[in-house]
Q: 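Please find one structure pasted underneath; my questions will follow.
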Amino acid sequence: MVLPQRISLFLLLCSSPPVFVGGISNSTEAPCDRRCLANARVKKELFSAPQNDNCTIMVNITSIQYETLSFDTKGMEMSSRIKINMEWKDPDLGWLQEKSRFPTIVMPVDKIWIPRIVLDNAIETTMEPYTNDVQVRRDGTVSHAVVYFTTVSCQINLFTYPFVAGSCPVAMNGWSQKTCALNFQIADNVTLVGGSGGEWLTTSVNKTVDKSNRVYLQVALSINPFSAVVTLILPSGLILLADLVSFALPFEGGERNSFKVTLVLSFTMFLLILSDHLPNSGDCSPLLHYHFSFCLVCLVLSMLASIVLTRLSVDDSFLVCRRSSKVHPSNSTETNDGLDQEKDTGVITTMSGDLASEKTSLLKIVNFLETVNEKEKEDQNICKVNNLDFWDESQQEDVYYDYSYIYSYSYSDSDSYSDSYSDSYSDSNTNT
């Protein structure tokens with residue numbers, strides 16, 4: 001009885017393995033969806049850069065979107081927003097087509113390595129991911145976009161402010177240390193977004209490569225002169241005109257002096273506004289500083305002259321307006337009328353003299369400006385600015401040294417040493 005049961009059980013087991021094997025194969029070869037692929041790569045914890053044989057990482061920047069946020073005229077600093085679309089290959093993130101039919105997956109940006117661009121002339125830089133996810137293709141190619149908020153130092157010639165145009169570089173490169181490097185291949189697809197940034201206008205942005213194959217964005221800027229003309233230049237001219245016309249006011253009562261003091265105080269306020277808006281010193285000090293200083297000197301001298309003339313008028317010390325001849329009492333009425341007429345004539349003569357002196361001052365100002373303009377045309381290199389002096393020109397002595405030779409040489413030396421040691425050891429044993 002026992003033997004037939006064992007035979008029947010054996011036959012049952014022989015017929016059932018294909019079923020179990022088929023069930024196991026179906027469970028292990030179940031298709032893996034996109035989330036399954038993404039989770040499998042997240043578990044690898046690939047936080048370091050891809051390590052190939054030559055220790056060089058190549059990143060392709062497909063497009064750049066540039067926007068000027070602001071430009072600090074006093075501090076000579078430009079704030080920008082730069083969106084960069086980039087691609088690089090990480091073979092450890094790829095998968096075989098037989099394992100999954102999906103060509104792309106989406107992964108969290110903080111679970112893999114992301115390249116970081118070096119901005120050589122940046123004072124402050126902040127990098128933020130454009131999205132919280134990256135796209136990974138079957139061959140390991142990663143597509144991602146980052147946004148840089150950067151502030152760079154930029155010197156612009158402000159000698160002819162507010163009629164100024166200049167350019168600022170924004171250097172974008174990788175890094176190189178010993179035999180490892182991070183290289184960026186930047187495309188020419190650079191677009192400009194939002195040309196106006198307050199007083200300054202961004203006219204164009206171009207990719208530029210220098211003789212050392214260093215890449216930077218050349219940002220062309222210009223000033224809209226309307227604001228400076230309305231708030232600085234036009235008020236200064238009106239104040240000078242008001243000071244010129246103020247000589248028509250009478251000496252009596254001190255109205256002329258108080259009016260001129262008010263003009264000086266008003267002009268001092270404009271000087272404070274100019275000092276807060278433009279750099280106070282430098283190789284290219286704006287010509288507007290000299291203009292305001294000269295105007296202030298003219299206003300102060302005019303005020304002092306008015307004060308002196310008022311004092312002389314009170315003391316009856318105008319020699320040109322008085323006669324030293326005596327008047328007969330019988331002709332007192334006629335003499336008084338003559339003195340009044342002579343007094344009015346003297347006041348008119350004084351006013352005409354003041355107007356002539358103001359006209360002479362204005363002619364001197366015009367001649368001074370024409371002389372400055374001629375000197376500027378003669379010297380084309382006046383206030384020349386170099387914004388490309390931020391590059392690190394220092395070179396390491398072993399930057400291109402091949403360390404593999406040292407390693408191979410050390411290994412060969414150790415092998416020869418071990419061979420010689422084994423030969424000497426065998427000779428000693430033979431002698432003994």
Q: Side-chain contact, heavy-atom cut-off 4.5 Å: His289 with Leu278?
A: yes
Q: Could you report the tightest heavy-atom contact between Ala171 and Asn121, atom names first, then the distance?
A: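 Of all heavy-atom pairs spanning Ala171 and Asn121, the closest is N-OD1, 3.2 Å.
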Q: When you look at Met172 and Leu217, which way does the side-chain contact (heavy atoms from CB on, under 4.5 Å) test go after all the steps?
A: CA-CA 8 Å; Met172 304 175 60; Leu217 299 179; 3.6 Å; yes
Q: Could you state the interatomic distance from CD1 (Ile186) to OG1 (Thr208), rounded to the nearest 0.5 Å?
A: 11.0 Å
Q: At their closest point, which heavy atom of Thr310 faces which heavy atom of Asn257, and how far apart are they?
A: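 Taking Thr310 first and Asn257 second, the nearest heavy atoms are OG1-ND2, 3.3 Å.
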Q: Leu37 and Ser100: which non-hydrogen atoms are nearest, and at how many Å?
A: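 Taking every non-hydrogen atom into account, CD1-OG, 3.2 Å.
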Q: Would you say Gln135 and Ser143 are linked by a side-chain donor-acceptor pair, where the criterion is simply a distance under 3.5 Å?
A: no
Q: Within the supplied structure, the quantity of interest is the number of heavy atoms (other residues, nucleotides, ligands) at a distance under 6.0 Å from Tyr290 OH; does it exceed 12?
A: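 Atom OH in Tyr290 is not packed in, count stays at 12 or less.
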Q: Would you say Cys295 and Phe267 make side-chain contact, with heavy atoms under 4.5 Å?
A: yes
Q: Quick one: CD1 on Ile82 to CE on Met127, what's the gap to the nearest 0.5 Å?
A: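 These two atoms lie 13.0 Å from each other.
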Q: Between Trp88 and His144, how do the two ring planes meet: parallel, tilted or perpendicular, split at 30° and 60°?
A: perpendicular
Q: For the side chain of Asn39 and the backbone of Lys43, is there at least one donor-acceptor N/O pair under 3.5 Å apart?
A: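 It does not hold such a pair.
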Q: Rounded to the nearest 0.5 Å, how far apart are CZ of Phe102 and CZ of Arg34?
A: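 Those atoms lie 5.5 Å apart.
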Q: Give a yes or no on whether Asn54 atom CG has more than 12 heavy-atom contacts from other residues, nucleotides or ligands under 6.0 Å away.
A: yes
Q: Answer yes or no: are there more than 12 heavy-atom neighbours, outside Phe47 itself, under 6.0 Å from its atom CZ?
A: yes
Q: Do Val59 and Asn183 touch side chain to side chain, with heavy atoms closer than 4.5 Å?
A: no
Q: Measure the shortest side-chain to side-chain distance between Leu240 and Leu299 over non-hydrogen atoms and say whether it is less than 4.5 angstrom.
A: yes
Q: Could you go through the salt bridge (Lys or Arg N to Asp or Glu O under 4.0 Å) check for Asp243 and Lys260 one step at a time?
A: CA-CA 7 Å; Asp243 180 75; Lys260 286 183 174 294; 2.8 Å; yes
Q: Using only heavy-atom distances, determine whether the side chains of Thr73 and Trp200 contain a donor-acceptor pair under 3.5 Å.
A: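 Side chains of Thr73 and Trp200: pair found under 3.5 Å.
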Q: As a quick check of understanding, evaluate side-chain contact (heavy atoms from CB on, under 4.5 Å) for Asn189 and Thr62, giving each step before the final call.
A: CA-CA 7 Å; Asn189 187 11; Thr62 57; over 6 Å; no
Q: Within the distance-only criterion (no hydrogens, no angle test), does the side chain of Arg311 pair as donor or acceptor with the backbone N or O of Ile307 below 3.5 angstrom?
A: no
Q: Output the distance between atom CE (Met58) and atom CD (Glu87), rounded to the nearest 0.5 Å.
A: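 Answer for the CE-CD pair, Met58 versus Glu87, is 13.5 Å.
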Q: Answer yes if the side chains of Asp210 and Ser212 hold a donor-acceptor pair under 3.5 Å, and no otherwise.
A: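 Judged by distance alone, the side chains do not pair up.
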Q: Is the closest side-chain heavy-atom distance between Phe71 and Cys168 below 4.5 Å?
A: yes
Q: Between Tyr66 and Thr191, is there a side-chain donor-acceptor contact under 3.5 Å, judged purely by atom types and distance?
A: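 No pair is found: no donor N or O on one side chain lies under 3.5 Å from an acceptor on the other.
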Q: Looking only at non-hydrogen atoms, find the nearest pair between Trp95 and Val136 and report the distance.
A: CH2-O, 3.8 Å
Q: Take atom NZ in Lys207; do more than 12 heavy atoms of anything else shown fall under 6.0 Å from it?
A: yes
Q: Quick one: does Phe159's side chain get under 4.5 Å of Pro286's, heavy atoms only?
A: no
Q: Test side-chain contact (heavy atoms from CB on, under 4.5 Å) on Val215 and Asn173 and set out the steps.
A: CA-CA 6 Å; Val215 182; Asn173 292 280; 4.2 Å; yes
Q: Can you confirm whether the side chains of His277 and Tyr161 place a donor and an acceptor under 3.5 Å from each other?
A: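 Checked: His277/Tyr161 side chains pair up, N/O donor to acceptor below 3.5 Å.
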Q: So, the side chain of Tyr148 versus the backbone of Ile117: is there a donor-acceptor pair under 3.5 Å, distance only?
A: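 Yes, because the side chain of Tyr148 sits within donor-acceptor range (under 3.5 Å) of the backbone of Ile117.
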Q: Look at the side chain of Asp90 and the backbone N and O of Thr141, then say whether any donor-acceptor pair between them is shorter than 3.5 Å.
A: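 No, Asp90 side chain to Thr141 backbone: no donor-acceptor pair under 3.5 Å.
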Q: To the nearest 0.5 Å, what is the distance between OG1 (Thr68) and CG (Leu221)?
A: 6.0 Å
Q: How far apart are the closest heavy atoms of Glu199 and Ala228, and which atoms are they?
A: OE2-CB, 4.4 Å
Q: Are any side-chain N or O atoms of Lys83 and backbone N or O atoms of Ile64, one a donor and one an acceptor, separated by less than 3.5 Å?
A: no
Q: Under a 3.5 Å distance rule, please check whether Ser306 uses its side chain to pair with a backbone N or O of Met303 as donor and acceptor.
A: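 It does not hold such a pair.
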Q: Donor-acceptor check, side chain of Arg81 to backbone of Glu67, threshold 3.5 angstrom: yes or no?
A: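 Here the side-chain-to-backbone pair does not exist.
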Q: Does Thr125 offer a backbone N or O that forms a donor-acceptor pair with the side chain of Thr150 under 3.5 Å?
A: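 Not confirmed, Thr150 side chain does not pair with Thr125 backbone.
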Q: Applying side-chain contact (heavy atoms from CB on, under 4.5 Å) to Leu93 and Val142, what does each step give before you reach the verdict?
A: CA-CA 9 Å; Leu93 293 175; Val142 184; 3.7 Å; yes
Q: So do the side chains of Pro108 and Val42 get within less than 4.5 Å of each other, counting heavy atoms only?
A: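 Yes. Closest side-chain heavy atoms under 4.5 Å.
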Q: Does Val152 reach the side chain of Met78, with side-chain heavy atoms less than 4.5 Å apart?
A: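 Side-chain contact under 4.5 Å: yes.
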Q: Among side-chain atoms of Gln218 and Ser167, is any donor-acceptor pair under 3.5 angstrom?
A: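 Looking only at side-chain atoms, Ser167 and Gln218 do form a donor-acceptor pair, the distance falling under 3.5 Å.
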Q: Which value, rounded to the nearest 0.5 Å, describes the distance between Arg41 atom CZ and Ile112 atom CD1?
A: 12.0 Å
Q: Is Ser258 reaching over with its side chain to a backbone N or O of Glu255, donor-acceptor style, under 3.5 angstrom?
A: yes
Q: Taking all atoms of both residues into account, what is the closest heavy-atom pair of Pro115 and Phe184, and its distance?
A: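 What the structure gives for the nearest pair is CB-CZ, 4.4 Å.
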Q: Looking at Ser63, is its backbone amide N or carbonyl O close enough to the side chain of Gln65 to form a donor-acceptor pair, meaning the two atoms are under 3.5 Å apart?
A: no
